[in-house]
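Atoms within each ligand, like the ligands themselves, are counted from 1 in listed order. Every value quoted in this text rests on a predicted model; they were computed, and no experiment measured them.
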Amino acid sequence: MALSMTARMFSGRALLRLLVFLAIAFIFSCTLFIWSHPMIINSGGASVISHHNAGGGKKPATHPIDTLIKKAGREYHRLMAKETTDLESAAKAYRYRRGRHPPPWFDKWFKFAQDHDAVIVEDFFDQIYHDLGPFWGVEAAKIRTQAKNFEQVVSVRNGTASQKTDKPRDWMNIWTDLTSTIAEWLPDIDVPINVMDESRLLVPWDDIDQYMKAERASRKIVPKPEVITEYAGLQKLDENPGEPFDLEWHGGNYWENARVGCAPGSPSRNVEAATNFSGPPPMPQGFPERSYEGYVMNWTSARDPCLQPDIRESHGTFVEPISQSTSKFLFPIFGGSKLPMNNEILLPPAMYWSDDPFYSGGEESHGGPWEEKDPGVMWRGAASGGRNKEDTWTRFQRHRFLRMINGTAVQMAEKHSNGVSQNFVLSSYSTYHLTATSRMDLGTWLNSIVDAAFVSLLCFPNPGNEHCWYTDPFFQTKPGKKMQEQYAYKYLPDIDGNSFSGRYRGFLRSTSLPIKATIYSEWHDSRLVPWVHFVPMDNSFVDIYGILDYFIGTGVEEKDKKGNVFVEGAHDEQAKEIALKGQEWAERVLRKEDMQVYVMRLYMEYARICDDNRDRLGFIGDMG
Ligand SMILES: *[C@@H]1O[C@H](CO)[C@@H](O)[C@H](O)[C@H]1NC(C)=O
Ligand SMILES: *[C@@H]1O[C@H](CO)[C@@H](O)[C@H](O)[C@H]1NC(C)=O
Ligand SMILES: *[C@@H]1O[C@H](CO)[C@@H](O)[C@H](O)[C@H]1NC(C)=O
Ligand SMILES: *[C@@H]1O[C@H](CO)[C@@H](O)[C@H](O)[C@H]1NC(C)=O
């Protein structure tokens with residue numbers, strides 16, 4: 001009908017040309033269709049999904065992960081080209097990057113770092129400047145008076161560390177211990193400590209912007225004769241300490257408080273909190289935004305809730321944190337992790353300094369040789385992430401991750417509900433081209449390569465036993481596994497709990513490969529390069545199948561004509577290389593000595609910001 005109408009409008013040769021064109025277009029689009037859509041083949045009742053292009057061995061020449069690994073390698077080399085090995089070049093790199101003289105006692109800091117074989121790249125300390133920057137916009141006297149009068153404080157006076165606390169607290173003891181190991185090289189300081197797990201400071205973006213304007217305005221390489229090279233110290237403050245100080249902490253909806261910390265115009269700034277948490281969360285259908293063909297390309301943006309409003313309804317931090325008590329008021333408070341929009345000052349997490357094997361996995365054990373490991377995925381942990389309840393558990397990240405890699409759950413979703421499960425939605429098979437699913441269904445594959453389970457369901461209200469009426473049907477709890485037992489597996493996913501995940505350092509230092517998703521920032525972020533030292537993952541986890549498929553392939557050992565054993569699609573060498581490079585790197589830049597070096601630099605900068613002479617305080621000992 002449409003054609004005959006068109007025919008009336010054309011005549012003779014024009015019509016012929018049109019028909020030829022349509023025929024070519026038709027053939028071309030069929031080819032495209034076949035190439036990009038999986039075909040469902042029925043074999044023995046189970047639906048086996050196959051890619052037309054997989055069987056023939058014609059995969060795209062370069063896997064996106066190969067490209068990302070290559071790019072990351074170059075980034076790492078660019079970073080390491082900035083390494084400094086003497087005081088003069090370290091001070092020069094400082095002035096170049098920070099726009100100021102280094103803080104007083106920079107020579108002591110440098111000597112300590114060098115004596116402890118630290119790798120010194122100025123960029124490794126970027127987090128310090130991100131965290132402290134806004135305080136250049138607050139009067140020095142105000143910062144130091146508030147700090148001294150807070151309830152939980154770690155202090156240094158005359159080279160000795162001490163603590164003040166309302167009651168004995170682990171975090172206080174551990175951070176005081178860390179501080180005492182470097183106190184003899186430190187100026188006087190008072191360091192208020194956030195003793196909660198959750199990060200608490202949410203200053204509106206517009207305020208921070210004002211503070212940062214003041215910071216930029218104060219940035220200056222002061223002429224040598226004007227430079228003051230000694231801290232004033234806190235003796236005067238001790239003689240006249242002022243009133244006890246506590247902020248007005250408030251509750252409220254965490255997302256509503258947090259999004260105000262996002263830049264105007266960022267995707268989340270004007271998105272109101274979600275209220276209905278039933279069913280699966282929104283998940284990308286297709287590749288996550290800002291990814292490179294489905295895989296994390298920019299680790300900073302992948303971790304940023306300001307860029308991903310969906311995180312407000314798919315991460316426990318925003319669904320319902322265990323406790324929340326936040327302030328909009330900029331005040332110096334130190335803690336182990338935070339969201340990108342939080343304003344805490346980061347210290348290395350207390351559990352990384354602690355020798356407790358629960359966190360460290362036992363200092364000396366990092367797992368055996370790669371070749372001896374089980375080639376699969378291991379995860380054990382609690383159903384934390386916040387307070388999960390009957391009508392919200394489907395929005396918690398750990399729950400989602402475990403179900404998405406549970407082959408049985410995936411099979412049920414595929415067979416009975418078109419890929420939609422209680423707490424996740426599967427992408428179409430044509431999104432990520434998997435080798436494994438050209439051979440078997442996704443669930444069968446996952447069941448053959450994954451051992452992952454909760455050790456407790458953290459039911460609310462707590463029934464007082466192991467069970468949980470609303471999550472029991474979906475999860476089977478298993479006994480915990482010590483970290484060193486987990487290191488017997490090649491692949492170790494790491495997912496946020498109530499805040500950051502405290503085993504990450506242990507995973508990095510192990511001979512296994514961490515696969516990391518998080519929305520939290522830590523002290524070490526600028527010294528770890530994704531795809532070189534660990535594998536980054538999107539917070540929706542839609543890329544997990546692609547990641548596992550790239551590294552593990554089908555997981556089935558086969559023999560080629562010459563009798564060599566191979567696993568189709570696997571990139572075991574690449575996995576081994578990242579695992580071992582990550583381990584080697586962690587042994588160079590995440591040691592306790594590196595935490596000391598970081599904290600010493602942090603405290604020196606902090607002492608300068610608390611000093612009335614801060615605009616002229618500096619180190620010029622290298623300038624002759
Ligand atoms: C630190 O040393 C100064 C000068 O030596 C002394 O006046 C002050 O009392 C000392 N403070 C502490 C807390 O020991
Ligand atoms: C919440 O969403 C679910 C499914 O998306 C819907 O069935 C339900 O009616 C909603 N509840 C409320 C209170 O709006
Ligand atoms: C990564 O994303 C951040 C935040 O969105 C942006 O500022 C930064 O420039 C990006 N980095 C690269 C290398 O593209
Ligand atoms: C995997 O999913 C099935 C089906 O929902 C469930 O019965 C089983 O307990 C889950 N396994 C684990 C380890 O949670």
Side-chain angles (χ1 to χ4, degrees), residues 68 71-72 74-76 78-79 123 126 130 205 262-263 265-269 273-283 288-292 296-308 310-311 313-314 319 339-341 376-383 390-396 398-417 420-426 442-444 446-458 466-468 470-481 493 519 521 525-526 529-532 536 538:
L68 287 166
K71 193 168 154 269
R74 288 196 295 269
E75 200 176 306
Y76 171 73
R78 266 199 302 278
L79 191 63
D123 307 39
D126 282 356
H130 175 84
W205 187 93
C262 298
S266 64
S268 295
R269 171 71 177 248
T275 51
N276 183 346
F277 294 114
S278 73
M283 288 174 70
E289 269 184 70
R290 299 173 197 84
S291 68
Y292 176 71
V296 172
M297 169 168 64
N298 182 332
W299 184 227
T300 310
S301 62
R303 288 183 295 129
D304 192 352
C306 286
L307 300 176
Q308 302 165 78
D310 285 355
I311 287 179
E313 47 182 332
S314 57
V319 176
L339 300 170
M341 61 268 256
V377 179
M378 164 51 57
W379 192 89
R380 286 289 184 281
E390 185 175 12
D391 52 0
T392 59
W393 73 268
T394 58
R395 303 307 185 90
F396 281 73
R398 287 187 166 187
H399 293 74
R400 178 169 65 257
F401 185 73
L402 276 199
R403 297 266 302 157
M404 285 178 73
I405 59 170
N406 177 336
T408 312
V410 165
Q411 275 168 341
M412 286 165 70
E414 287 196 318
K415 270 191 200 149
H416 307 302
S417 47
V420 180
S421 169
Q422 286 76 15
N423 68 336
F424 64 89
V425 181
L426 291 173
L442 189 58
T444 301
L446 290 170
N447 278 338
S448 72
I449 59 170
V450 174
D451 179 354
F454 281 137
V455 298
S456 58
L457 295 174
L458 302 182
E466 308 268 288
H467 290 284
C468 185
Y470 55 87
T471 44
D472 266 345
F474 307 107
F475 301 97
Q476 183 202 348
T477 57
K478 291 187 184 173
K481 266 199 196 297
I519 57 173
S521 302
D525 288 340
S526 54
V529 182
W531 298 112
V532 174
D538 191 71

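- Here the side chains of S314 and R400 are in contact, with some heavy-atom distance below 4.5 Å.
- The nearest protein heavy atom to atom 7 (O) of ligand 3 is not closer than 4.0 Å.
- Here atom 11 (N) of ligand 4 lies nearest to N406 when heavy atoms of N406, I405, V410, L446 are compared.
- For ligand 4, the atoms lying closer than 4.0 Å to a non-hydrogen atom of M412 are 4 (C).
- The side-chain heavy atoms of F424 and P280, taken from C-beta on, include no pair separated by under 4.5 Å.
- Nearest to atom 4 (C) of ligand 3 among the protein's heavy atoms is S301 CB, 4.2 Å.
- When the heavy-atom distances from atom 12 (C) of ligand 4 to H399, Q476, R403 are ranked, the shortest goes to Q476.
- Between K478 and D451, at least one side-chain N (NZ, or NE/NH1/NH2) sits under 4.0 Å from a carboxylate O, which counts as a salt bridge.
- For the ligand labelled ligand 4, residue A452 lies inside the 4.0 Å heavy-atom shell.
- Geometrically, ligand 3 and N298 share a nitrogen or oxygen pair separated by less than 3.5 Å.
- Taking both residues in full, the closest heavy atoms of M297 and S291 are given as CE-O, 4.0 Å, listed atom of the first, atom of the second, then distance.
- Of the polar atoms of T408, none of the N or O atoms is found under 3.5 Å from an N or O of ligand 4, judged by distance alone.
- Considering backbone and side-chain N/O atoms, K478 never comes within less than 3.5 Å of an N/O atom of ligand 4.
- Close approach of ligand 3 to L307 is summarised as follows: ligand atoms under 4.0 Å from at least one heavy atom of the residue are 5 (O).
- Ranking protein heavy atoms by distance to atom 13 (C) of ligand 2, first place goes to N276 ND2, 4.4 Å.
- In the vicinity of S278, heavy-atom distances shorter than 4.0 Å reach the ligand 2 atoms 1 (C), 2 (O), 3 (C), 4 (C).
- Counting heavy atoms from C-beta on, the side chains of D304 and R290 never come closer than 4.5 Å.
- Checked against the 6.0 Å centroid criterion, the rings of H399 and F474 do not qualify as a close aromatic pair.
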Inset, instruction - Might you work through the ring-ring contact (aromatic ring centres under 6.0 Å, His included) test for W531 and Y292, ending with a clear yes or no? - result: CA-CA 13 Å; W531 298 112; Y292 176 71; 9.9 Å; no
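- You'll find the side chain of E414 reaches within 4.5 Å of the side chain of L442, heavy atoms only.
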Inset, instruction - Show your working on side-chain hydrogen bond (donor to acceptor under 3.5 Å, both in side chains) between E466 and S456 and close with a plain yes or no. - result: CA-CA 7 Å; E466 308 268 288; S456 58; over 6 Å; no
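- Not a single heavy atom of D304 sits closer than 4.0 Å to an atom of ligand 3.
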